[in-house]
Enquirer: 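Next up is a structure, given as structure tokens.
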Amino acid sequence: MAIQRTFSIIKPDATKRNLTGAIAAKFEAAGLRIVASKRIQMTLAQAETFYGVHSERPFFGELCEFMISEPIVVQVLEGEDAIAKNREVMGATNPADADAGTIRKEFALSIGENSVHGSDAPETAAEEIAFFFSGLELVG
């Protein structure tokens with residue numbers, strides 16, 4: 001496997017409960033290196049653009065409002081097969097279905113407030129990283 005990068009968000013439900021460090025530790029324990037990280041307050045326009053793929057879904061407005069409700073932490077993770085590894089560490093979207101030890105099993109409050117987001121494919125990772133980070137912010 002090659003080294004790859006993926007995008008991650010620690011969502012408002014987790015930052016509000018001061019879980020940023022605990023979640024970052026899970027990524028690092030799984031062999032993922034955090035090569036860029038920043039805490040931001042997303043605007044409604046940013047949320048609507050970032051989640052635009054879901055704009056026709058009934059949960060779109062609620063999702064965007066949730067994502068601007070508290071600060072978030074956006075990150076770039078790097079490692080062997082980083083996209084799959086990140087998704088494994090996050091666990092299933094529904095915390096009830098997530099494996100023991102995963103972020104969502106331990107920290108998610110619900111399907112909607114599931115503490116983390118992660119890219120699902122190399123193309124998505126590249127787009128999501130570019131949305132939040134400039135090349136100068138990505139260290140090797």
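Count residues from 1 along the sequence.
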Enquirer: Nearest 0.5 angstrom please: I72 CD1 to F66 CZ, how far?
Expert: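 Atom-to-atom, I72:CD1 and F66:CZ are 9.5 Å apart.
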Enquirer: To check you understand the geometry: which heavy-atom pair defines the closest contact between Q46 and Q41, and what is its length?
Expert: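 Nearest pair, atom of Q46 first, then Q41: OE1-O, 4.1 Å.
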Enquirer: Going by atom type alone, with no hydrogens or angles, which donor-acceptor pairs under 3.5 Å involve a side-chain atom of residues 52-65 and a protein atom two or more places apart or on another chain?
Expert:
residue, atom, partner, partner atom, Å
H54, ND1, R57, NH1, 3.3
S55, OG, G52, O, 3.1

Enquirer: Give the intermediate values and the outcome of side-chain contact (heavy atoms from CB on, under 4.5 Å) for residues K105 and D99.
Expert: CA-CA 6 Å; K105 188 62 153 188; D99 291 337; over 6 Å; no
Enquirer: Specify the closest pair of heavy atoms between A24 and Q75, including all atoms of both residues, with the distance to one decimal.
Expert: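 In this case the closest contact between A24 and Q75 is CB-OE1, 4.4 Å.
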Enquirer: Which residue pairs pass the ring-ring contact (aromatic ring centres under 6.0 Å, His included) test when at least one of the two sits in residues 85-104, sequence neighbours left out?
Expert: none
Enquirer: Applying side chain to side chain contact (heavy atoms under 4.5 Å, CB included), can you list everything that pairs with K16, at least two apart in sequence or on another chain?
Expert: E70
Enquirer: Can you sort out the partners of E113 under side-chain hydrogen bond (donor to acceptor under 3.5 Å, both in side chains), two or more places apart, ordered by chain and number?
Expert: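 With neighbours one apart ignored, the set is empty.
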Enquirer: Can you tell me if Q4 uses its side chain to pair, donor with acceptor, with the backbone of I83 under 3.5 Å?
Expert: yes
Enquirer: Partners of T49 by side chain to side chain contact (heavy atoms under 4.5 Å, CB included), sequence neighbours excluded?
Expert: F131
Enquirer: Taking it one step at a time, do T124 and F7 satisfy side-chain contact (heavy atoms from CB on, under 4.5 Å)?
Expert: CA-CA 9 Å; T124 311; F7 178 73; over 6 Å; no
Enquirer: With a 4.5 Å limit on heavy-atom distance, are the side chains of T20 and R39 in contact?
Expert: yes
Enquirer: Judged by atom type as modelled, is there a donor-acceptor pair below 3.5 Å linking the side chain of R104 to the main-chain atoms of G91?
Expert: yes
Enquirer: Would you call M67 and I9 a side-chain contact if the rule is heavy atoms closer than 4.5 Å?
Expert: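 Of all side-chain heavy-atom pairs linking I9 with M67, at least one is under 4.5 Å.
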Enquirer: Could you list the residues that satisfy salt bridge (charged side-chain N to carboxylate O under 4.0 Å, His left out) with R17, not counting sequence neighbours?
Expert: D13
Enquirer: Please give me the minimum heavy-atom distance between R5 and V76, naming the atom from each residue.
Expert: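 The pair with the smallest heavy-atom distance is CD-CG1, 3.9 Å.
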Enquirer: Got a sec, which residues hit ring-ring contact (aromatic ring centres under 6.0 Å, His included) with Y51, two or more places apart in sequence or on another chain?
Expert: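 If we apply the ring-ring contact (aromatic ring centres under 6.0 Å, His included) test to Y51, skipping adjacent residues, there are no hits.
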Enquirer: Looking at residues at least two apart in the chain, or sitting in another chain, which of them share a side chain to side chain contact (heavy atoms under 4.5 Å, CB included) with E127?
Expert: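 Counting only residues at least two positions away or on another chain, E127 forms no side chain to side chain contact (heavy atoms under 4.5 Å, CB included).
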Enquirer: Could you list the residues that satisfy side chain to side chain contact (heavy atoms under 4.5 Å, CB included) with A92, not counting sequence neighbours?
Expert: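 Counting only residues at least two positions away or on another chain, A92 forms a side chain to side chain contact (heavy atoms under 4.5 Å, CB included) with D97, A98.
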Enquirer: Applying ring-ring contact (aromatic ring centres under 6.0 Å, His included), name anything that partners F133, two or more places apart in sequence or on another chain.
Expert: none
Enquirer: According to salt bridge (charged side-chain N to carboxylate O under 4.0 Å, His left out), who are the partners of E28, at least two apart in sequence or on a separate chain?
Expert: none
Enquirer: Of all the heavy-atom pairs spanning S69 and P12, show the shortest one and how long it is.
Expert: OG-CB, 3.6 Å
Enquirer: Can you name the closest pair of heavy atoms from A125 and S119 and give their distance?
Expert: CA-OG, 3.3 Å
Enquirer: Can you list the other members of the hydrophobic cluster that holds I34, where links are side-chain heavy atoms under 4.5 angstrom apart?
Expert: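 Direct or chained contacts put I34 with I10, L19, I23, F27, L32, V73, L77, V89, M90, I103, F107, V116.
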Enquirer: When you look at T6 and K85, which way does the side-chain contact (heavy atoms from CB on, under 4.5 Å) test go after all the steps?
Expert: CA-CA 10 Å; T6 190; K85 177 61 72 178; over 6 Å; no
